[in-house]
Amino acid sequence: MNRPDPRYYLELLRPGLIPIPAIQPGVCSVCRTGVREGFEDCRSCEEHRHRRDVRVLAISMSAHGEFLHRHLRRYKDGNADERRLFTRRLAALLELFLRHHLDCLGGPFNQVATVPSTTSNRDALRAIVNQLRRFKGWQNPLACRTRPDNLTHFIAARSIAGQRVLLFDDTFTSGRSIFGAYRVLEEAGAQVVGPLVVGRHFHPESSDWPNHKKLMKCLKRTPWSVEACGICGPVHCPGLPPPPTLALL
């Protein structure tokens, strides 16, 4: 039996997808979350990114405990039926997003690298990518290794030197892993496309992100569309408190 069209699975996900905000005062220019007072970008991005021009493109915002967040957890940690179903839905979302927004990501790529999980099912993200026909026979050029001190680190295959590599992950939270993977790919000689993530995770009630309630109220008024992304169709949210400017002495 033929597998349903990706648009079938997308419709099952659509009610839980949240559009991405535009870069504006009060919104991090790297990951599009609300910024803390006194920062132009969020503290996590300021701490972990190694280059000022790196921008993360998320397919959807992902509120803690809500629909998309549950998918991004259960496709890895659920029972067999949940893992199978949620993997197909997330793969369909990725497939359709790439059809519409390849130029927004930075153009065509030769390979895809998924950020290896250091804690959960390490084959889960690979299962999403394996669902896409364009990645048939794909081998992840990134791997996770444990050092003698029990800390983990990423290594990249030498074969990616000179290649355009899409960097993909399921969730962006602090950015530590994806920015670390980005640096490793660059040091191996790859030209990194993206990075692209399915969900930009946040906790709506977190006191660390004072703009989130206003931001999410604005974003949820706009239906998510596969034809718009954080580059070509971001949502502008007026009224967010901007970070304070320093007075000139």
Side-chain angles (χ1 to χ4, degrees), residues 2-18 20 31 56-63 66-102 104-106 108-144 154 156-157 160 164-173 175 177-178 180-182 185 190 192-201 224 226 229-230:
N2 293 330
R3 182 172 298 173
D5 186 282
R7 289 171 291 186
Y8 166 79
Y9 291 114
L10 177 61
E11 290 308 310
L12 299 176
L13 270 176
R14 189 187 298 275
L17 300 178
I18 303 170
I20 305 300
C31 71
V56 178
L57 182 56
I59 297 176
S60 171
M61 303 298 283
S62 175
E66 294 188 7
F67 190 79
L68 181 58
H69 178 235
R70 291 196 298 272
H71 274 68
L72 292 170
R73 292 196 54 140
R74 303 299 289 175
Y75 95 93
K76 293 185 287 190
D77 302 329
N79 60 45
D81 289 339
E82 288 176 322
R83 294 198 304 270
R84 187 180 306 108
L85 175 60
F86 291 171
T87 293
R88 288 178 179 175
R89 290 182 182 181
L90 295 172
L93 178 61
L94 174 61
E95 172 66 28
L96 293 172
F97 188 86
L98 289 176
R99 289 183 192 177
H100 284 85
H101 303 294
L102 188 58
C104 299
L105 275 169
F109 49 88
N110 309 107
Q111 296 191 41
V112 59
T114 58
V115 179
S117 174
T118 59
T119 58
S120 300
N121 180 356
R122 295 191 180 185
D123 292 327
L125 192 57
R126 180 185 182 94
I128 290 179
V129 175
N130 284 343
Q131 295 277 324
L132 278 63
R133 292 180 180 177
R134 69 174 71 198
F135 300 136
K136 186 177 181 179
W138 162 79
Q139 295 291 326
N140 191 8
L142 276 174
C144 185
F154 300 136
I160 64 171
R164 289 177 55 81
V165 180
L166 171 67
L167 179 57
F168 175 62
D169 203 358
D170 52 7
T171 302
F172 182 102
T173 304
S177 294
I178 201 164
Y182 194 113
L185 290 172
V192 182
V193 177
L196 173 67
V197 299
V198 175
R200 197 313 173 198
H201 179 83
W224 183 93
V226 73
C229 77

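All residue numbers refer to positions in the sequence shown, counting from 1.
The distance from atom CZ of Phe97 to atom CG of Leu196, rounded to the nearest 0.5 Å, is 5.5 Å. A distance of 13.5 Å separates NE2 of His71 from CD of Glu66, quoted to the nearest 0.5 Å. The CG atom of Leu68 sits 11.5 Å away from the CZ atom of Arg89 when rounded to the nearest 0.5 Å. One finds the CZ atom of Arg88 at 6.5 Å from the CD atom of Gln131 (value rounded to the nearest 0.5 Å). Considering CG of Leu142 and CZ of Phe168, their distance stands at 13.5 Å, rounded to 0.5 Å. In this structure, Cys31 SG and Met61 CE are separated by 7.5 Å, a value rounded to the nearest 0.5 Å.
In this structure Thr87 satisfies the side-chain hydrogen bond (donor to acceptor under 3.5 Å, both in side chains) test with no other residue, sequence neighbours excluded. A search for side-chain hydrogen bond (donor to acceptor under 3.5 Å, both in side chains) contacts involving Asp81 returns Arg84, not counting sequence neighbours.
For the pair Arg134/Arg99, a side-chain contact is recorded, criterion being any heavy-atom separation below 4.5 Å from C-beta on. The closest side-chain heavy-atom distance from Val197 to Val56 is below 4.5 Å.
Closest approach of Asn140 and Trp138 over heavy atoms only: CB-CZ2, 3.5 Å. Contact detail for Arg83 and Gly78: the closest heavy-atom pair is NH1-O, 2.6 Å. Shortest non-hydrogen contact noted between Leu10 and Leu17 is CD1-CD1, 4.1 Å. Tyr182 and Gly194 make their closest contact through CE1-O, 4.0 Å (heavy atoms, listed as atom of the first residue, atom of the second, distance). Residues Ile178 and Pro195 approach most closely at CD1-CB, 3.5 Å, considering heavy atoms. For the pair Ser60 and Ile20, the tightest heavy-atom approach, listed with the atom from each and the gap, is C-CD1, 3.6 Å.
With hydrogens and angles disregarded, no donor-acceptor distance shorter than 3.5 Å links the side chain of Arg164 to the backbone of Ala190. Between the side chain of Glu11 and the backbone N or O of Tyr8 there is no donor-acceptor pair closer than 3.5 Å.
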Worked check of side-chain contact (heavy atoms from CB on, under 4.5 Å) between Asp170 and Lys76: CA-CA 10 Å; Asp170 52 7; Lys76 293 185 287 190; 3.2 Å; yes
Between Leu90 and Leu125, does the side-chain contact (heavy atoms from CB on, under 4.5 Å) criterion hold? Intermediate values first, please. CA-CA 10 Å; Leu90 295 172; Leu125 192 57; over 6 Å; no
side-chain contact (heavy atoms from CB on, under 4.5 Å) for Thr171 and Ser62? Distances and angles first, verdict last. CA-CA 8 Å; Thr171 302; Ser62 175; 5.7 Å; no
Verdict with supporting geometry, Leu98 and Leu166, side-chain contact (heavy atoms from CB on, under 4.5 Å): CA-CA 11 Å; Leu98 289 176; Leu166 171 67; 4.3 Å; yes
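A salt bridge does not link Arg133 with Glu95: every distance from a Lys NZ or Arg NE/NH1/NH2 to an Asp or Glu carboxylate oxygen is 4.0 Å or more.
Atom CZ of Arg73 is surrounded by 12 or fewer heavy atoms from other residues, nucleotides or ligands within 6.0 Å.
In summary, of the residues considered (Leu185, Val112, Thr114), a side-chain contact (heavy atoms from CB on, under 4.5 Å) with Leu167 occurs for Leu185 alone.
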